[in-house]
Amino acid sequence: MKAQAPLPGPVPNSIQIDNGRLRHLLSIEGLGRAMLEQILDNAASFAGLNEQGVKKVPLLRGKTVVNLFFEPSTRTRTTFELAAKRLSADVMSVSMSTSSTTKGETLLDTLRNLESMQCDMFIVRHNEAGAAHFIARHVAPGIAVINAGDGRHAHPTQALLDMFTIRRHKEDLSRLRVAIVGDVLHSRVARADIHALNTLATGEVRVIAPRTLLPAEAETLGVQIYHDMETGLRDVDVIIMLRLQRERMLGAFIPSEHEYFQRFGLTEARLALAAPDALVMHPGPANRGVEIDSSVADGSHSVILEQVTNGLAVRMAVMAMVMGANPKGDA
Amino acid sequence: MKRLLIRGGRVIDPANGIDCHADLAIDNGLILGLDPVDFKADEIIPAEGQWIVPGLIDLAARLREPGEEHKGTIASECRAAAAGGITTVCAQPDTLPPVDTPADVRLLRQKAEQAGGARIAVIAALTQGLDGEHLTEMAALQEAGCAGVGNALRPISDLLVLRRALEYAAGLGLTVFAQPSDPSLTRGGCAHEGAVATRLGLPGIPVAAETAALGQWLALVEETGARVHFGRLSSAAGVRMLRRAKADGLPVSADVAAHQLFLSEMDIFGFNPQCHMLPPLRGERDRDALREALAEGVLGAICSDHQPHEPDAKLAPFPSTQAGISALETLLPLGLRLVEEGVMPLHDLIARLTSVPAHILNLNTGHLGVGASADLCLIDPGAEWELDAERLQSRGRNTPFHGWLFRGRVSLTLVGGRPVHAMTTEEHQ
C-alpha cells in the first residue's frame with residue numbers, strides 16, 4: 001500500500017507562494033509537498049499532451065518570457081525557450097556576462113531596463129547564490145521569476161524533472177534508497193534534489209563524495225554520508241551522478257581526474273552493487289570517463305535522455321502555473 | 001570657557017569605582033569633581049533620572065574618508081558617533097589611500113576637530129600602503145599622534161615581515177591592532193562555513209580562518225613581546241586560544257563587535273544582505289561563547305565595527321554585497337540589552353565600553369576622574385524606542401537592527417565639556 005500523504009492544508013504565503021498559488025519558483029525549499037506534487041501532476045498533463053502529438057498550446061499567448069542568463073548554459077536555456085514556445089509565449093534570450101554588470105551597471109539597472117519592455121516572466125540563471133531571490137524581491141509586481149540555477153544554491157526545475165523521472169519509474173518513494181554521487185559542494189542540483197526527495201518523504205537519501213567535495217555539516221541537509229562507492233551504492237534504487245567541473249583540480253579538491261574516476265566513477269561493476277532495477281541519472285552534460293563510464297551512461301539503466309525530455313513538460317508546467325494558467329485550459 | 005554643573009544624575013564611573021547620585025562639575029572642559037562646594041555654574045544641566053557615564057570609546061570604525069565619501073565622511077560619522085554616546089572613535093587605516101604617513105594622521109585628526117563630533121584616535125598603517133611588505137615610519141606616525149598601528153584586513157603573508165613589524169612597534173611602545181583572518185581560508189567566502197551556508201549554497205569561511213591567523217600572531221607575540229590587540233573575534237575556538245594566551249601572560253587584549261553578540265548565521269536565512277559581515281556571523285554556540293568571554297573579561301571591550309555603506313552596496317545578490325554594517329548608533333543600545341538579558345552587570349558593561357578600550361589605546365579618557373577631559377554622555381535609562389534605519393545620523397543606513405526595540409538612549413554627549421549631541425524633542429517622543 002502506498003503511504004498516503006496527509007491532506008494538504010493551505011500552503012503558507014511566502015515569496016514563492018501567494019494565496020496558495022505559485023507566484024515565483026525560486027527553490028524547492030518552502031514549496032511543501034502538496035505544491036510539489038501539484039507541479040508534478042501538471043507536468044504529467046503536459047507530457048501527455050506532448051505524447052499525443054499536441055505540440056503547442058495557447059496558454060501563454062501574448063505573454064513575453066525573458067531568458068536572463070548571466071552564466072553560460074545551452075541545455076537549460078534551450079529547454080526553457082522551447083517550453084515557452086510550446087505555450088505560445090514570445091521568448092527573448094538575453095545573455096549577460098556578470099562582468100558587464102560590474103562595469104557600473106547593477107543587476108537592478110539591468111532588471112529595470114528589461115521591465116520597461118513589459119515582460120511577464122524572467123527565467124534567471126546567475127553564478128551567485130540568492131540571485132533569483134534578489135530579483136524576485138525587487139521585480140515589478142506583475143512579473144514572475146523562475147530560478148534556472150543560482151550559484152551553488154538551487155536549481156528547482158532540475159529537481160522537479162528528476163522527481164518526475166523517478167516517479168515515472170518507481171511507484172513508492174517512501175521505499176526508495178537514492179544516492180547522489182560526486183561534487184555536492186558546488187552543486188545546486190544536489191541541494192535541490194535533496195530537498196525535493198526529502199519533501200516527498202523518500203526512504204533514504206545518501207550522498208557519496210570525497211570530504212573535499214562535501215559542504216560543511218552536509219548531514220543537516222537530511223542525508224546519510226558515504227565516502228566510498230562500495231558501501232554507498234549498496235542496494236540503492238536510484239543513482240544521481242553529478243558533473244565534476246574540470247577546474248576542480250585547480251582548487252586542490254581532488255588530485256586528478258584519474259584518481260577521481262578510480263574512486264567515484266560509476267562503472268558497470270559498481271552499478272551491480274545497486275538494486276537490479278536501479279535508475280542511473282545525470283543532470284548533464286556528463287563527463288564520460290571522469291564521473292561515469294560511457295557504457296553506463298548509454299546502458300539500460302540510464303534514464304539520462306528521458307530526463308531531458310521530461311524537463312520540457314516540467315518547465316511548461318511551472319511556467320504556466322506562475323502565470324496562473326493550467327493545462328486544462330482555464331486560466 | 002563655561003563652568004557646567006550636571007545636576008542630580010546617577011554617576012557611573014567604573015574606572016574609579018564610583019556609582020552614586022551626585023552633581024558633576026566641569027570647568028574649562030575638564031572634570032572638576034563630584035558634589036562641588038561653592039561652585040558657581042554658568043549653566044546647569046538637569047540630569048535627574050539619568051545616568052552620567054564616561055563617553056564611549058569605540059575601538060573599530062570605518063569613517064570612509066579619504067576615498068569613499070559616498071559612504072561616509074569624518075564629519076558625518078563623527079556626528080553619528082556622538083549621537084551614539086561615543087566620544088572617541090578609532091579610525092582604521094584602510095582608507096583610499098591608506099593612512100600611512102604622519103601627514104595623513106594629522107589631517108584626519110584635524111578634520112575630526114573641525115567636524116565637532118566625537119574625537120578620533122587614528123590607527124595608522126603597519127606597512128606602507130598596507131602592502132604587507134614595507135614597514136611604515138612608525139616613529140614619525142607616533143609623533144603625529146597615532147594611537148596604534150595595524151594592517152586592517154590586509155594580510156601580511158610574509159611572517160618574517162610581520163615579526164619585524166611587531167619587534168619594531170614593540171621597541172616604540174606602540175600597540176599593534178590586528179583582526180585575525182587568514183586570507184587563503186577566507187578567500188571567496190561570504191558566510192560562516194556551517195549548516196546555513198550549506199543550505200543557502202553560499203561559499204563558506206571556516207572558523208580556522210580566524211584561529212589559524214590567531215595562532216601565527218600569538219606565536220610571534222610570544223617571541224617578540226609586542227603588545228597586540230585582537231579585534232572582532234567571532235568564534236568559540238578563537239576565544240579559547242585567547243583565554244589560554246592571556247593565562248600564559250602574553251600582552252594581548254581583544255574585542256568583539258556588538259552585533260556578533262546578538263546575531264548568528266541563522267540571521268542570513270533569506271539572503272539578508274544586512275547580515276553580510278566579515279568576520280561572518282557564526283553559529284549560535286559561538287555567539288554564546290563570545291558572550292561568556294565578554295562577561296569573564298577575556299574579551300575586554302565591545303566595539304561597533306562600524307562600516308557605513310551607500311544603499312547600492314547592499315542591493316545585489318548576497319555574495320556580491322559589501323560586508324559590514326552601520327553600527328555607531330547601535331553600540332550602546334545593544335550593550336544595554338546585554339545588561340537587560342543578564343549577560344553582565346551594568347558596571348561591567350560601561351567598563352567594556354569606556355575604561356577598558358581607553359586603557360587599550362593608552363588614553364587618559366574613559367573615566368570621570370578629577371582632571372580628565374569632560375568626555376561623557378547622559379543616558380535616559382527608561383526611554384523606549386524603535387530603531388529606524390532611515391533616521392540614523394550616519395551616512396550609512398545599512399543596519400540589520402531596523403525595527404528593533406531598545407530601552408535606554410543617549411540624551412546628551414559632551415566632548416571636552418562641549419555638547420556634541422543632544423536628543424531633539426522629536427526623538428523624545
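Order of the sequence lines fixes the chain letters, A, B, ..., with proteins taken first and strands second; residue numbering starts at 1 for each chain.
- At a 4.5 Å heavy-atom cutoff, Pro206(B) makes no contact with chain A through either its backbone or its side chain.
- The backbone N or O of Cys275(B) sits nowhere less than 3.5 Å from a side-chain atom of Asp267(B) that would complete a donor-acceptor pair.
- Ranked by heavy-atom pairs under 4.5 Å with chain A, the first of Gly194(B), Pro273(B), Ala316(B) is Ala316(B).
- With respect to chain B, the highest number of heavy-atom pairs below 4.5 Å among His138(A), Arg188(A), Glu29(A) belongs to Glu29(A).
- Within the 4.5 angstrom heavy-atom criterion, atoms from both the backbone and the side chain of Leu221(A) approach chain B.
- Ring centroids of Phe271(B) and His153(A) are separated by less than 6.0 Å, placing the two rings close together.
- If you tally non-hydrogen atom pairs under 4.5 Å between each of Ala197(B), Pro203(B), Gly204(B) and chain A, the highest count goes to Pro203(B).
- Put simply, of His186(A), Arg137(A), Arg191(A), the one with the most heavy-atom pairs under 4.5 Å next to chain B is Arg191(A).
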### Message
Please determine whether side-chain hydrogen bond (donor to acceptor under 3.5 Å, both in side chains) holds for the pair Gln307(A) and Asp162(A), giving the CA-CA distance in whole Å, both sets of side-chain angles, and the decisive distance to 0.1 Å.
### Response
CA-CA 7 Å; Gln307(A) 286 173 271; Asp162(A) 286 349; 2.8 Å; yes
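- The distance between the ring centers of His133(A) and Phe318(B) does not fall below 6.0 angstrom.
- Side-chain atoms of Asn113(A) and Glu115(A) include no donor-acceptor pair closer than 3.5 Å.
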